[in-house]
Amino acid sequence: MSLLELSEQEILRRESLKELRAMGIEPYPAAEYVVSDYSQNIKEEFSDDAPKKEVTVAGRIMSRRIMGKASFMELQDSKGRVQVYISRDDLCPGENKDMYNVVFKKLLDIGDFVGIKGYVFRTQMGEISVHAEEITVLSKSLRPLPIVKYKDGVAYDSFDDPELRYRQRYVDLVVNDGVKDIFMKRSKVYKTLRSVLDEAGYTEVETPTLQQIAGGASARPFITHHNTLDTDLYLRIATELYLKRLIVGGFEGVYEIGKNFRNEGMDRTHNPEFTCMELYVQYKDYNWMMDFTEKLLEKICFEVNGSYETKVGDNVISFKAPYRRLPILDAIKEKTGYDLSGKSEDEIREVCKALNMEIDDTMGKGKLIDEIFGEFCEGTFIQPTFITDYPVEMSPLTKMHRSKEGLTERFELMVNGKELANAYSELNDPIDQMERFKEQLRLSEKGDDEAMFIDHDFVRSLEYGMPPTAGIGIGIDRLVMLLTGQTTIQEVLFFPQMKPEKVQPKDAVAKYTEIGIPEEWVAVIQKAGFLTVASLKEANPNKLHQDICGLNKKFKLELANPSKEDVAAWIGNIK
RNA sequence: GACUCAGUAGCUCAGCUGGUAGAGCAACAGACUCUUAAUCUGUGGGUCCAGGGUUCGAUCCCCUGCUGGGUCACCA
């Protein structure tokens, strides 16, 4: 990389790097650095009466306050920050004061990793700090970090451009308070989820991500290609059908926490890859699953937040069980006043018209009910609510309701006006399942590009017999959003999907040397704004000559300047 | 996909009616041995997102594109 591509501050840091090496200090040492303590426990365990405690800590320099022969810096480690006090004469007891005057004051920068050996004390202002006796360079940072300052918990100049924060999450995590907490809570969600499911006796499994038929949900899949098999494969949109095969195989309960991929729109609640937990348990039904789910979520919320409540925007949501259970038709009756039970498709169509909804003729009875619910009901359920007994048309993998005609034993859990989970008594009648798949095929032929494909192997497994089974899928990203009070999915994903960064097209050095430009001048010409040889064709030779000689002087490159005739000749050589 | 707002120094942001740019932090030089958004003095740093157009002249006005945010639509 040419120096000309770097900012002033980056150049200076690279020079500091060289100087450290020249002084015999390796800026990227290989040896383990043994740490005795963390910022957090140093502060928690300090006592003014106790004898001096020697500690070794390591972390990133986040700020420095230099006052001549003494300095303070803030050191950030994995647990937080601790202040370090450095006095010149305590760091360098001998004649040679280079470690303080040169290494610490000149060659180290904000962002560098250092190790500090010293003792813990309390400053006159009362802050528990480490008095440094030894400082070790652990890793040099070549790019300046954004500077975010905190006072009384208020952030000043916080690094908050969403584009930069998501593209460079590593920087976001380093400088912005609270970002890491969200992901620590996310990890706690996984831990609690696993412990509850494991204790219940269920088995964590992994099923294929690359599938020949992307089944188990209605969504457009990503397509990829396997060269050796010379066949297209899909990235899974759900884990459902494979997990049910394992129930056929005899597991009592199986669950998988994994990524699903859907080739659809992106917004504040949708990312192309997202995490789902699916659980299937034999001999259970959807009523049991509601009981299990509310206990599970209650426990997770408590473990993550220390309380059964969580705050999202202005809404305080309580995950304390039990949750309200409301059949979808009752929900519609409650919110719109229309009782749809026993109504025909045409009658429901009339209701839609009365409600001023936009509908079209391709929508069947189930779709119409779903639309009414989505339009008038879904957003109103802030507290966790099980909406139950969905129409069969929307639920091709669900067992028919034991008593209600045309409905299925299915529930969705609505929280904060959004679906958090989807569950049902699994359809285990292979003949019925085949019929439902065929119905999906008819929808597909009508142009519905999200209808399910027939998975013959899955039906074959049902033909061997699947016990009565209850299953559920929980959107983990949305759960984490609720438990951390976030309103966009990007805030709970380390690396949300973004459009690729734009890279300006730039010609190779050889392209420039072909027209007679010496290699050492190529970077200078590019710095002058001519990233491609073609763009140089229109350049004014006099101005270019001036520009590049100016850059030569400015950046002290010490190259022999070309003549105006040389520059004109380069431009003349371009075909 | 539609509409809308934004893109200026490493970061956060100003920038008037069109006359090639400012601040704070960061950086650099200097002072300072208990500071904490440290302080004080001085200095440097810019492809004003990109490409066209209008104009004597564009960071600014117009068009196109790129990236991001928001709202809506689609979708779970």
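Lettering follows sequence order; numbering is per chain, from 1.
Within 4.0 Å of A:S158, counting heavy atoms only, lie sugar-phosphate atoms of the nucleic acid but no base atom. Among the protein residues, A:S63 comes within range of no part of the nucleic acid, since none of its heavy atoms lies under 4.0 Å from any strand. Contacts of A:K499 with the nucleic acid, taken as non-hydrogen atoms under 4.0 Å apart, involve only primed sugar atoms and P, OP1 or OP2. Residue A:R167 is in sugar-phosphate contact alone, with no base atom involved, counting any heavy-atom pair closer than 4.0 Å across all strands shown. Within 4.0 Å of A:L145, counting heavy atoms only, lies no atom of the nucleic acid at all.
Among the nucleotides B:C25, B:G30, B:G68, the one closest to the side chain of A:K106 is B:G30. Of the listed nucleotides (B:G69, B:C34, B:A73), B:G69 has the atom at the smallest distance from the side chain of A:Y166. Listed candidates were B:C25, B:U35, B:G44. Nearest to the side chain of A:D157 is B:C25.
In this structure, A:N260 atom CG and B:C75 atom P are separated by 19 Å, rounded to whole Å. Taking atom CG on A:L164 and atom C1' on B:G10, their separation rounds to 11 Å, with Å as the unit. Taking atom CD1 on A:I110 and atom C1' on B:U36, their separation rounds to 13 Å, with Å as the unit. The nearest whole Å value for the distance from the CZ atom in A:F159 to the C1' atom in B:A26 is 14 Å.
Not one side-chain nitrogen or oxygen of A:R65 sits closer than 4.0 Å to the OP1 or OP2 atom of B:U39. Between B:G69 and A:Q490, a contact under 4.0 Å exists linking OP1 or OP2 to a side-chain N or O. Distances shown here put every side-chain N or O of A:K149 at or beyond 4.0 Å from the OP1 or OP2 atom of B:C11.
A:E426 pairs with exactly one of A:K244, A:K399, A:R410 by the salt bridge (Lys or Arg N to Asp or Glu O under 4.0 Å) rule, that one being A:K244.
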